[in-house]
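In what follows, chains are A, B, ... by sequence order, proteins preceding strands, each numbered from 1.
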2 protein chains.
Amino acid sequence: MKTSSPARGGSRSRRRAGRVIGRRIPRLGTRGQPEESRASILRAAVAEFAEHGIAGARTDAIARAAHVNKALLYYYFKDKDALYEAVLDHVFGGLRARVMPVFESNMAPRQKMLEYVGAYFDYIAANPRFPRVVQAEWMRAGEGSARMQRVAKEYFRPIFGKLSEVLREGIDAREFRAVNPMDFAPSLVGIIILYFSAAPLMKTLMKVDPLSEERIRERRAFVLEFVSAALFR
Amino acid sequence: MKTSSPARGGSRSRRRAGRVIGRRIPRLGTRGQPEESRASILRAAVAEFAEHGIAGARTDAIARAAHVNKALLYYYFKDKDALYEAVLDHVFGGLRARVMPVFESNMAPRQKMLEYVGAYFDYIAANPRFPRVVQAEWMRAGEGSARMQRVAKEYFRPIFGKLSEVLREGIDAREFRAVNPMDFAPSLVGIIILYFSAAPLMKTLMKVDPLSEERIRERRAFVLEFVSAALFR
DNA sequence: TTCATGTAATTAACCAGTTAGTTAAGATTG
DNA sequence: CAATCTTAACTAACTGGTTAATTACATGAA
């Protein structure tokens with residue numbers, strides 16, 4: 001058959017059953033670091049889901065990348081779907097943790113908004129694979145999959161709620177232009193996220209590496225300026 | 001096994017081998033409307049790829065939705081991959097056709113930019129499934145798949161080139177703020193596209209239907225204002 | 001008019017490769 | 001001992017793709 005997927009594989013992993021000539025490799029597991037094994041699987045799953053999407057992801061590939069036996073995936077996670085769900089919690093949980101504190105502080109709306117955008121950007125910039133995982137999620141079925149419902153309630157609603165508050169304050173204080181949160185929020189997310197998920201494409205279009213440190217700094221500045229100009233009076 | 005996909009199916013199609021009691025159903029194919037058959041397959045493919053991503057799309061499902069035998073897919077298209085490529089050409093070809101004429105006209109940069117954004121928005125609004133297909137594409141492998149190379153060269157480069165020109169003109173005329181096209185372009189795309197690809201998610205978050213006619217009108221106005229405020233001096 | 005023949009369009013049935021998930025047995029270590 | 005983990009073989013279901021037959025129409029000779 002030999003369909004679509006470009007036959008990834010290779011590097012059959014030189015490691016042979018946990019022991020290496022001179023030194024002991026701290027073989028994952030075996031009372032070693034169960035936490036670390038789980039984390040390793042999760043890391044690998046993020047990468048795999050990001051590159052190949054939810055259906056294209058191969059559990060074998062995840063296990064291999066995590067240097068772990070496939071059976072261990074099913075020791076820690078019920079099935080592929082549960083693993084994906086764990087990935088979502090990891091990604092969005094991290095975002096929420098990074099971003100919510102900003103809303104708790106007592107800055108002026110302007111400042112608060114800038115901090116929020118900056119924090120959001122930094123989180124994504126530090127994990128440029130995340131947008132692809134995310135998009136794999138909201139690419140899903142027309143109506144809300146049960147999974148999406150949960151993710152929306154647990155992560156998006158609180159952030160969206162707080163963001164709406166800030167907007168309200170800013171608008172009432174005549175500092176912000178009057179925008180509908182339902183318009184502003186997805187626009188912001190789009191600006192931040194798409195740059196990263198389109199990075200591979202941009203790389204082929206320009207000569208610059210869109211993910212170089214310098215470029216990212218520039219991009220960050222642009223996003224803040226752009227949003228400021230668009231929102232602030 | 002019973003993994004991810006929610007067992008779509010149903011409607012086993014009452015039509016039985018071309019003949020129906022009273023009237024002849026204009027059975028697709030068999031010297032019927034070959035053009036229509038091809039188009040029907042493409043339509044179905046757009047929907048399927050949008051909903052389930054490239055690897056998640058099922059050729060059986062596409063055939064069923066197109067009311068056509070699966071083998072006919074392979075009569076018209078070499079394989080699943082070629083079909084996906086045809087979908088891409090359909091989507092991006094349409095966009096290019098809609099958007100490029102704007103650049104040929106001789107409006108002032110300001111006006112030209114607004115026309116461009118409007119045309120882009122309208123095209124997507126008229127085909128809200130397209131963003132998901134698109135994103136399935138640039139979600140793909142880290143580096144440029146050969147396919148992405150082609151799509152980039154054929155569709156994105158010309159548009160990006162023209163957009164850059166307009167930006168240059170506007171900036172030189174002191175009408176636009178000085179922005180890097182490499183920053184502006186993906187931001188714009190993000191603002192336009194993400195609203196639609198996130199629509200299902202938003203639907204669960206708010207009570208409003210994000211795709212109602214009224215909402216789309218509002219959204220369009222917002223996008224134009226937002227971009228104006230951010231770009232124009 | 002009729003009949004044979006060619007050809008584009010279409011189908012039902014099938015096949016072979018892939019893949020999620022399982023299982024049984026054993027290894028390692030605190 | 002119990003928790004953590006490996007190995008490796010196995011299976012049930014699925015899915016892309018093929019094949020051989022079939023249908024409807026067009027053409028042109030008789």
Side-chain angles (χ1 to χ4, degrees), chain A residues 1-9 12-13 15-20 24-41 45 48-49 52-64 66-84, chain B residues 1-9 12-13 15-20 24-41 45 48-49 52-64 66-84:
Chain A
M1 221 176 59
K2 190 95 298 192
T3 37
S4 353
S5 6
R8 48 222 154 62
R12 212 118 213 67
S13 141
R15 167 177 70 80
R16 202 54 232 152
R19 187 175 300 274
V20 169
R24 288 270 302 291
I25 269 187
R27 177 185 174 201
L28 292 190
T30 315
R31 266 299 155 76
Q33 276 83 31
E35 242 5 271
E36 171 53 25
S37 287
R38 228 193 100 101
S40 172
I41 292 172
E48 178 75 4
F49 280 121
H52 303 284
I54 185 161
R58 296 290 157 247
T59 52
D60 281 312
I62 294 174
R64 206 181 314 128
H67 298 295
V68 142
N69 190 276
K70 184 167 64 144
L72 202 63
L73 300 199
Y74 294 92
Y75 181 72
Y76 281 115
F77 304 94
K78 180 171 161 293
D79 55 16
K80 191 187 181 182
D81 231 60
L83 177 56
Y84 180 63
Chain B
M1 222 175 59
K2 192 91 302 196
T3 36
S4 351
S5 8
R8 48 224 152 62
R12 208 122 217 65
S13 142
R15 168 178 70 82
R16 200 56 232 148
R19 187 174 301 275
V20 169
R24 290 268 302 290
I25 267 189
R27 178 182 174 206
L28 292 190
T30 314
R31 276 293 156 81
Q33 275 83 30
E35 243 5 271
E36 171 52 26
S37 289
R38 225 193 103 102
S40 173
I41 292 171
E48 177 75 5
F49 280 122
H52 304 282
I54 185 161
R58 297 289 158 248
T59 52
D60 281 309
I62 294 174
R64 205 182 314 130
H67 298 295
V68 139
N69 188 276
K70 185 169 59 146
L72 203 62
L73 301 199
Y74 294 92
Y75 179 73
Y76 283 115
F77 305 93
K78 181 171 162 291
D79 54 18
K80 190 188 184 184
D81 231 61
L83 177 57
Y84 180 64

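- Atom pair Y84(A):OH and dT19(C):C1' shows a separation of 19 Å (rounding to whole Å applied).
- Atom NZ in K80(B) sits about 8 Å away from atom P in dG17(D), given to the nearest Å.
- Under the side-chain contact (heavy atoms from CB on, under 4.5 Å) criterion, Y75(B) pairs with L72(B), not counting sequence neighbours.
- Nucleotide dC14(D) holds its P atom 15 Å from the NE2 atom of H52(B), rounded to whole Å.
- Residue whose closest nucleotide on DNA chain D sits further toward the 5' end, between A71(B) and Y74(B): Y74(B).
- Atom CG in D81(B) sits about 12 Å away from atom C1' in dG16(D), given to the nearest Å.
- Atom NZ of K70(B) is separated from atom OH of Y74(B) by 6.0 Å, given to the nearest 0.5 angstrom.
- The separation between Y75(B) atom OH and dA20(D) atom P is 17 Å, rounded to whole Å.
- Contact annotation: R58(B) side-chain N/O to dC14(D) OP1/OP2 distance is not under 4.0 Å.
- Remark: A71(A) engages N69(A) in a side-chain contact (heavy atoms from CB on, under 4.5 Å) (not counting sequence neighbours).
- Here CZ of R38(B) is found 11.5 Å from CG of L73(B). Values are rounded to the nearest 0.5 Å.
- Residue Y76(B) is classed as a sugar-phosphate contact, given heavy-atom separations below 4.0 Å to backbone atoms only.
- T59(A) has a side-chain polar atom (N or O) that falls below the 4.0 Å cut-off from OP1 or OP2 of dA20(C).
- In this structure, I41(A) atom CD1 and dT6(D) atom C1' are separated by 13 Å, rounded to whole Å.
- For N69(B) and dA12(C), a side-chain-to-base donor-acceptor distance below 3.5 Å is present, hydrogens and geometry of angles not being considered.
- If you take CD1 of I54(B) and C1' of dG16(D), they are 14 Å apart, rounded to a whole angstrom.
- With hydrogens and angles ignored, the 3.5 Å screen pairs no side-chain donor or acceptor of E48(B) with any backbone N or O of T59(B).
- Which of dT11(C), dA20(C), dG16(D) sits closest to the side chain of K70(A) comes down to dA20(C).
- One interatomic measurement links the two molecules: CG of L72(A) to P of dG21(C), which rounds to 15 Å at whole-angstrom precision.
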